[in-house]
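Since the structure comes first, as structure tokens, the remarks are kept for the end.
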Amino acid sequence: MTVLIRSLLLLLASCAITAQAADTGWLRNAQNSHAEVRLRSASHNDNQQLLLDVRLQPGWKTYWRTPGEGGVAPEIRWQTPAVKAQWFWPAPERFDVSGLTTQGYKGDITLPIELAKLSSQQLVGTLTLSTCSDVCILTDFPFSLDLTQPADADFARDFAEAMGRIPAASGLTDQLDASFVNGELQIRAQRQGGWQQPELFFDYPPGSMLAAPTIRVNGDTLSARVAVTDEWGEAAPDLRGKTLSLVVADAGIAQQSAINIGAETLVSGGAAQTLWSVLLLALLGGLILNLMPCVLPVLAIKLSSLVQQQGQTQRQTRQQFLASSAGIIFSFLLLALLMTGLRLSGQALGWGIQFQSSGFLLVMVLVMFLFSASLFDLLHFRLPSGLNTKLATQGGDGLLGHFGQGAFATLLATPCSAPFLGTAVAYALTAPLPQLWLLFVALGVGMSLPWLLVAALPGMARCLPRPGRWMLHLRSVLGLLMLLATFWLVTLLVQHWGSTFALVLAGVLLVVLCGWLVKRRALQQAGVVFITLTLAGALFLITRISPEEETLHWQPLTEAAIHQALEQDKRVFVDVTADWCITCKVNKSRVLNQPDVRAALKADDVVLLRGDWTQPDPAIGEFLRRRDRVAIPFNQIYGPALPQGQILSPLLSREAVISTLSEAKK
């Protein structure tokens with residue numbers, strides 16, 4: 001009995017010591033049910049060690065010592081006098097929300113803190129923690145620790161593990177350099193053995209803001225470009241000669257470095273790339289845009305312009321094609337204005353993103369329908385000013401119609417990407433605003449070059465056959481093509497307003513046009529229109545119900561999915577697409593749906609990842625931006641032999657897909 005009583009007394013004493021340990025227990029705040037914190041402490045030599053444990057619910061995050069463009073770093077306001085604390089920070093993650101880039105943590109995180117020798121036996125303070133999801137909450141957690149009490153048995157191990165996650169001062173990079181060139185921060189890092197999934201996190205130099213880096217890897221060399229602005233988003237301050245504090249992380253290893261920012265060019269193809277070379281790419285990209293698959297809906301506008309030149313003087317021909325060229329350039333200026341507004345508001349940028357807007361699509365449907373009606377010779381109206389200028393293809397001697405042809409040709413061509421176009425647009429969207437506008441003008445000039453050629457040599461328009469009844473038949477064919485393009489735009493509204501709305505809108509437009517033709521006694525045209533559009537609608541419904549790619553198992557596109565597949569020595573095929581991307585559809589039909597390509601994609605060690613950019617998606621925008629791309633289609637192949645991935649041409653070929661998949665194997 002004596003032994004039993006002594007054992008019980010020892011057990012109670014042990015529990016009392018544990019209950020009085022230097023541990024706050026999990027602290028909660030009624031104003032924030034998404035986070036809880038705990039502080040633990042133990043003495044170590046003459047110092048005091050402290051652990052800050054944070055638990056966050058899924059979907060919530062808190063911040064690193066440099067939060068980025070939003071958020072607040074964790075902070076303790078000490079009530080105990082003369083506290084000197086040194087915080088240690090594990091490598092963070094990067095988050096992009098509503099165009100803002102932040103650096104922080106999600107899930108469970110432990111921050112170790114070391115305190116210089118304290119004269120007090122009580123540690124009292126208030127932790128202020130910022131947590132964010134769709135909203136941000138700033139929460140105070142008052143705490144008190146009795147330093148005379150022993151720490152729990154796991155403290156030493158937990159503190160050692162937390163310190164093991166702190167970036168080391170060396171061991172990852174063999175050489176690390178930074179430079180500031182033409183308003184852009186450039187970073188170059190060498191690592192023997194190469195890179196897998198490198199990331200960079202920055203402490204912002206005073207008076208500056210750093211965007212998320214654009215990282216490229218070539219063998220053992222990592223190069224990064226970082227857009228820099230001041231704290232108000234204006235021109236970048238001069239960072240030359242200042243010290244840059246950053247964390248370089250790769251595959252679970254991280255290194256904390258502080259390097260002097262130089263002035264030499266470290267990254268080719270970035271800000272050091274001459275503006276003249278990018279202007280040349282913009283001209284070529286705009287010119288090649290005329291040859292892309294998007295030419296089908298634009299073809300009606302171009303051919304109808306040529307048809308109208310019969311019987312015109314050379315001066316009239318020149319004026320009309322110059323007006324069309326002006327319309328093209330004007331549309332590119334509108335796109336530049338759109339990109340400028342999106343950049344200033346912090347939204348995602350990309351080529352063709354206006355097709356993500358349901359309002360834009362609806363306006364384009366109505367405009368294209370009016371173009372179709374004019375080609376069927378159904379529509380004539382006067383402008384409010386009383387000027388007898390006919391819409392678009394019915395422009396006659398008026399130049400406004402030809403201006404409209406060029407403008408809408410551009411807007412309809414933007415769902416396509418072309419060689420050189422993506423490079424020029426990517427540079428433009430990260431360049432200073434004056435250069436952005438200049439490059440979009442160059443894109444417009446490039447696309448209008450064929451029109452300008454006819455304006456310079458108006459006699460070319462006279463190479464067409466002599467006027468006759470063939471012109472009426474050609475106009476009907478062009479009108480039918482334009483109408484098909486109109487109903488293609490209607491199908492894009494399905495993602496926004498549902499199938500019912502799209503079917504009702506398509507039905508109303510079809511009935512209106514056919515009724516209009518019947519009223520004009522164009523019964524044959526009405527029948528052709530009705531049959532053609534009915535068959536096209538049926539084909540669309542069949543492809544929607546029974547997709548050709550149903551046997552290919554696509555998974556959602558994420559960086560984590562790529563990393564996981566590479567860890568399992570698998571190959572990865574990335575496809576970023578959208579319903580409004582015509583080139584994407586051509587790639588699917590001409591390449592991805594071919595038997596030999598499908599067989600290669602269905603291999604056991606191939607993981608298929610697809611990102612749908614039909615509607616705005618910040619995650620996909622960030623995925624493309626990190627690869628220095630702003631246009632789709634985008635295809636990339638990873639594998640054991642291609643850990644950094646190889647980006648394919650916007651226009652896929654069967655040979656390129658199959659050979660690159662083969663190269664990606666070990």
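Quick caveat, the model's predicted, so the values are computed rather than measured.
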- Is there a donor-acceptor contact under 3.5 Å from the side chain of Thr243 to the main chain of Ile259? no
- Task: Using the side chain to side chain contact (heavy atoms under 4.5 Å, CB included) rule, pick out the option among Leu52, Val37, Leu138 that qualifies with Leu129.
- Result: Val37
- Pair Lys665 + Asp605, salt bridge at N-O below 4.0 Å: no
- Would you check if Thr110 and Val54 make a side-chain contact, meaning some heavy-atom pair closer than 4.5 Å? no
- Note on the structure: Rounding to 0.5 Å, atoms OG1 (Thr221) and CD (Gln190) come to a distance of 3.5 Å
- Query: Is a side-chain donor or acceptor of Glu69 paired with a backbone partner of Thr101 at a separation under 3.5 angstrom?
  - Reply: yes
- Message: I'd like to know if the side chain of Tyr105 reaches the main chain of Pro90, judged simply by a donor and an acceptor atom lying under 3.5 Å from each other, with no hydrogens or angles considered.
- Response: yes
- Give a yes or no on this: more than 12 heavy atoms of other residues, nucleotides or ligands lie within 6.0 Å of atom CZ of Arg240. no
- Item | Carboxylate-amine/guanidinium proximity below 4.0 Å for Asp575 and Arg610 | yes
- Message: Side chains of Leu648 and Thr660, heavy atoms from C-beta outward: is any pair under 4.5 Å?
- Response: yes
- Quick one: list whatever passes salt bridge (Lys or Arg N to Asp or Glu O under 4.0 Å) with Glu93, sequence neighbours left out. Lys106
- Item | Donor-acceptor contact present, side-chain Gln86 to main-chain Ile113, <3.5 Å | no
- Taking all non-hydrogen atoms of both residues into account, name the closest pair between Tyr63 and Cys136 and its distance. OH-SG, 4.1 Å
- Query: Shortest non-hydrogen contact from Pro74 to Leu111?
  - Reply: CG-CD1, 4.5 Å
Side-chain donor-acceptor pairs of residues 195-202 under 3.5 Å, sequence neighbours excluded:
{"unit_1": "Trp195", "atom_1": "NE1", "unit_2": "Asp220", "atom_2": "O", "d": "3.1"}

- Does the side chain of Leu39 come within less than 4.5 Å of Leu145's, by heavy atoms? yes
- Partner residues of Arg65 under the salt bridge (Lys or Arg N to Asp or Glu O under 4.0 Å) criterion, sequence neighbours left out: Asp203
- Query: Do we see a donor-acceptor contact under 3.5 Å between the side chains of Thr131 and Asn32?
  - Reply: yes
- Query: Any side-chain donor-acceptor pair under 3.5 Å between Gln49 and Asn47?
  - Reply: no
- Validation row: Glu114, Phe159 side chains within 4.5 angstrom (heavy atoms): yes
- Chi angles and distances behind the side-chain contact (heavy atoms from CB on, under 4.5 Å) call for Ile253, Arg191: CA-CA 12 Å; Ile253 305 174; Arg191 183 189 186 192; 3.8 Å; yes
- Message: I'd like to know whether Leu608 forms a side-chain contact (heavy atoms from CB on, under 4.5 Å) with Val572, so could you lay out the CA-CA distance, the side-chain angles of the two residues, the decisive distance to 0.1 Å, and finally the verdict.
- Response: CA-CA 6 Å; Leu608 304 179; Val572 180; over 6 Å; no
- Side-chain donor or acceptor of Ser208 paired with backbone N/O of Tyr204 under 3.5 Å: no
- Query: Would Leu557 and Asp612 count as a side-chain contact (heavy atoms from CB on, under 4.5 Å) if you check the C-alpha gap in whole Å, the side-chain angles of each, and the deciding distance to 0.1 Å?
  - Reply: CA-CA 9 Å; Leu557 172 62; Asp612 189 348; over 6 Å; no
- Note on the structure: Between the OG atom in Ser179 and the CG atom in Asn260, the distance rounded to the nearest 0.5 Å is 10.0 Å
- Query: How close do Arg571 and Pro640 get, heavy atom to heavy atom, and via which atoms?
  - Reply: CG-CD, 4.2 Å
- Item | Polar side-chain atom of Thr558 near backbone of Ala561 as donor-acceptor pair, under 3.5 Å | yes
- Task: Report the distance from atom CG of Asp146 to atom CD of Gln121, rounding to the nearest 0.5 Å.
- Result: 8.0 Å
- Polar contact flag, side-chain donor to acceptor under 3.5 angstrom, Thr139-Asn29: no
- Beyond-backbone contact of Arg40 with Asp158, side-chain heavy atoms, under 4.5 angstrom: yes
- Query: For residues Gln57 and Ser133, is any side-chain donor paired with an opposing acceptor at under 3.5 Å?
  - Reply: no
- Check Ala211 against Val226 and note the closest heavy-atom contact, atom names and distance. O-CG1, 3.2 Å
- Query: Shortest non-hydrogen contact from Ala578 to Thr614?
  - Reply: CA-OG1, 3.5 Å
- Message: Checking the side chain of Ser257 only, and the main-chain atoms of Leu246 only, is there a donor and an acceptor separated by less than 3.5 Å?
- Response: no
- Message: Which label fits Trp78 and Phe143: parallel for a plane angle under 30°, tilted from 30 to 60°, or perpendicular past 60°?
- Response: perpendicular
- Here the gap from Ser41 atom OG to Leu118 atom CG, rounded to the nearest 0.5 Å, amounts to 8.0 Å
- Side chain to side chain, Phe180 and Val228, heavy atoms closer than 4.5 Å: yes
- Item | Cation over ring face, Lys61 and Phe95, 6.0 Å, 45° | yes
- Item | Spatial distance of atom CG (Leu266) from atom CD (Glu184) [nearest 0.5 Å] | 10.5 Å
- Inspect the surroundings of CD in Gln192 and state if more than 12 heavy atoms from other residues, nucleotides or ligands are less than 6.0 Å away. no
- Note, Pro205 side chain near Leu210 side chain (heavy atom, < 4.5 Å): yes
- Geometric class of the Phe623/Phe634 ring pair [parallel <30°, tilted 30-60°, perpendicular >60°]: perpendicular
- Task: Determine, step by step, whether Thr340 and Trp437 satisfy the side-chain hydrogen bond (donor to acceptor under 3.5 Å, both in side chains) criterion, reporting the C-alpha distance in whole Å, the side-chain angles of both residues, the deciding distance to 0.1 Å, and the verdict.
- Result: CA-CA 9 Å; Thr340 300; Trp437 284 77; 3.0 Å; yes
- Taking all heavy atoms of Pro67 and all of Ala73, pick out the closest pair and write down the distance. CG-N, 3.5 Å
- Pair Glu75, Thr128: side-chain N/O donor-acceptor within cut-off below 3.5 Å: no
- Message: Could you check whether any side-chain heavy atom of Ile109 comes within less than 4.5 Å of a side-chain heavy atom of Leu56, counting everything from C-beta outward?
- Response: no
- Task: Indicate whether any N or O donor in one side chain lies under 3.5 Å from an N or O acceptor in the other, for Gln122 and Ser120.
- Result: no
- Task: With rounding to the nearest 0.5 Å, note down the distance linking CG in Asp177 to CD1 in Ile187.
- Result: 10.0 Å
- Message: Using the rule given for side-chain contact (heavy atoms from CB on, under 4.5 Å), can you reason through Phe141 versus Glu36, listing the C-alpha separation, both sets of side-chain angles and the distance that settles it, and then say yes or no?
- Response: CA-CA 9 Å; Phe141 296 93; Glu36 52 185 4; 5.8 Å; no
- Ser43-Gln48 side chain donor-acceptor pair, cut-off 3.5 Å: no
- Modelled atom types, side-chain donor and acceptor of Asp140 and Thr126, under 3.5 Å: no
